[in-house]
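What you see below is based on every heavy atom in this structure, not just the backbone, and it leaves out hydrogens, waters and symmetry mates. Given the structure is predicted, the values throughout are model-derived calculations rather than measurements.
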Amino acid sequence: METTFDLPDSTDWIPTSLPAFEPLEAALRCEMCKEFYSNPVITSCSHTFCSICIRRSIAADGKCPSCRTVLSSDKLAPNIAVREIVVRFQEARPKALELARADKEQHHGIKTGSKRKRKISETDVEEGDDTRQTRQRQTRSSRRNGGTSDAPVEVPDSGDEGDEDFQPEGMAKCPICNEAMKQELVFNHLDVCTGQSSSQMRSTRSK
């Protein structure tokens, strides 16, 4: 029968609300045994290992496992600062990890609830969308018409009747009978103008 052990590891922080603690804890673990530093010592090449781990490595090949520099056991020195940090971190780890996991679960529950509320509100918007659009159209129409009616506003075209002064290019009116003609014919027309336009004269003759 196989037995599975849940060994503490720096990756325990990844699924929590404090994933940045994963590389922090990894930096407090020995490169060789992957456990928290035990009696950490610093080498002449400035690398830190557990005392027992580096001494075994030196006895085996006499080199640093990180940079392959030749080492001697009598040149190892205790790394007091790292030892103190590791001790304090191990003391705080269980409670901090517990809180980080609970915080992650709480935030996950809040996000799930907000998604449900958002779906409900979106449904309400879709059902009442036609009503709001109709109201907006009516409001805009009433604003354009001074708020009195929904009738469309008619804008007279430049070619509508009433623009009596408008003349096509190259045309002019006689100042006496007000008849429209080409500009170069106006002076000759003045010599024979009776004060009546051609249409008025034809009307008189027909009578």
Side-chain angles (χ1 to χ4, degrees), residues 1-137 139-140 143:
M1 180 178 178
E2 295 183 358
T3 302
T4 302
F5 296 98
D6 186 13
L7 300 176
D9 186 77
S10 61
T11 57
D12 293 341
W13 295 99
I14 295 177
T16 72
S17 61
L18 296 174
F21 272 51
E22 190 274 330
L24 172 61
E25 180 172 323
L28 299 178
R29 290 177 176 270
C30 177
E31 179 183 336
M32 299 181 69
C33 66
K34 308 302 180 183
E35 298 291 337
F36 283 112
Y37 288 119
S38 175
N39 295 322
V41 294
I42 187 168
T43 65
S44 57
C45 55
S46 300
H47 291 105
T48 299
F49 302 94
C50 296
S51 178
I52 187 66
C53 292
I54 189 61
R55 292 181 189 279
R56 287 175 178 172
S57 179
I58 291 174
D61 62 2
K63 295 181 180 180
C64 173
S66 295
C67 63
R68 309 306 296 169
T69 299
V70 177
L71 298 178
S72 174
S73 297
D74 59 356
K75 296 292 181 67
L76 300 175
N79 196 329
I80 299 174
V82 171
R83 182 178 62 188
E84 184 69 16
I85 293 172
V86 169
V87 171
R88 300 307 175 197
F89 186 87
Q90 286 181 289
E91 292 174 353
R93 186 182 192 275
K95 185 64 176 178
L97 189 59
E98 179 184 350
L99 293 175
R101 286 171 174 167
D103 186 59
K104 181 71 173 182
E105 293 176 359
Q106 181 179 0
H107 279 75
H108 179 71
I110 293 174
K111 289 181 179 180
T112 303
S114 63
K115 288 181 179 179
R116 291 175 181 173
K117 291 180 180 179
R118 191 175 298 112
K119 288 181 179 179
I120 294 174
S121 63
E122 288 174 356
T123 302
D124 294 342
V125 169
E126 291 175 358
E127 291 176 352
D129 191 43
D130 293 339
T131 303
R132 280 195 293 273
Q133 288 183 358
T134 302
R135 290 175 181 172
Q136 289 175 356
R137 293 194 189 102
T139 303
R140 292 172 185 168
R143 287 177 181 173

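- Among residues two or more places apart in sequence or in another chain, the side-chain hydrogen bond (donor to acceptor under 3.5 Å, both in side chains) test is passed with Ser57 by none.
- The two atoms that bring Ser66 and Glu31 nearest to each other are OG-OE1, 2.5 Å, heavy atoms only.
- Nearest heavy atoms, Tyr37 versus Val86: O-CG1, 3.8 Å.
- Take Asn39 and apply the side-chain contact (heavy atoms from CB on, under 4.5 Å) test, not counting sequence neighbours, and it matches Ser51.
- With sequence neighbours left out, Leu24 forms a side-chain contact (heavy atoms from CB on, under 4.5 Å) with Phe21, Phe89.
- When side chains are defined from C-beta on, Ile52 does not count as touching Ser38, because their heavy atoms never get closer than 4.5 Å.
- Applying the salt bridge (charged side-chain N to carboxylate O under 4.0 Å, His left out) definition to pairs two or more places apart or across chains, those involving residues 39-63 are Asp61-Arg68.
- What you find for Thr48 and Pro40 is that their closest heavy atoms are CG2-CB, 3.8 Å.
- Between the SG atom in Cys64 and the CD1 atom in Ile54 there is a gap of 5.5 Å [rounded to 0.5 Å].
- For the side-chain contact (heavy atoms from CB on, under 4.5 Å) test, residues two or more places apart in sequence or in another chain that qualify with Ile14 are Thr11, Glu22.
- Taking the side chain as every heavy atom from C-beta outward, Val82 and Ile42 never approach each other to under 4.5 Å.
- Across Ser72 and Ile58, no two heavy atoms sit closer than the pair C-CD1, 4.1 Å.
- Residue Lys104 comes nearest to Ser17 through the heavy atom pair CB-N, 3.8 Å, listed as atom of the first residue, atom of the second, then distance.
- Under the rule for a side-chain contact (heavy atoms from CB on, under 4.5 Å), the partners of Glu35 that lie at least two apart in sequence or sit in another chain are Arg29, Cys33.
- Closest non-hydrogen pair, Arg101 versus Asp12, comes out as NH2-CB, 4.1 Å.
- For the atom pair CG of Leu18 and CG of Asp103, the computed distance is 7.5 Å after rounding to the nearest 0.5 Å.
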